[in-house]
Amino acid sequence: MGIRDEEREVDLTDDDAPLLPEQTSDDTASGWGERSDRDSNDDRLIQDRPPHWD
């Protein structure tokens, strides 16, 4: 199975290493189940921009 938390060694000698990550995986778009190709939607929105907005 793996090492239990009580038996796991944690090296705390590196003062620069963060104890917790800056961002967790569930705090990202993929963590919410969003696909990465949604970023390409910007091009479609720019093309569909109404002419009176120019």
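We're numbering straight along the sequence, starting at 1.
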So CH2 of Trp53 and CD1 of Ile46: to nearest 0.5 Å the spacing works out to 11.5 Å
Sequence neighbours excluded, the answer for side-chain hydrogen bond (donor to acceptor under 3.5 Å, both in side chains) partners of Glu6 is Arg4
With sequence neighbours left out, the residues meeting salt bridge (charged side-chain N to carboxylate O under 4.0 Å, His left out) with Asp26 are none
Sorted by chain and residue number, the salt bridge (charged side-chain N to carboxylate O under 4.0 Å, His left out) partners of Glu7 (sequence neighbours excluded) come out as none
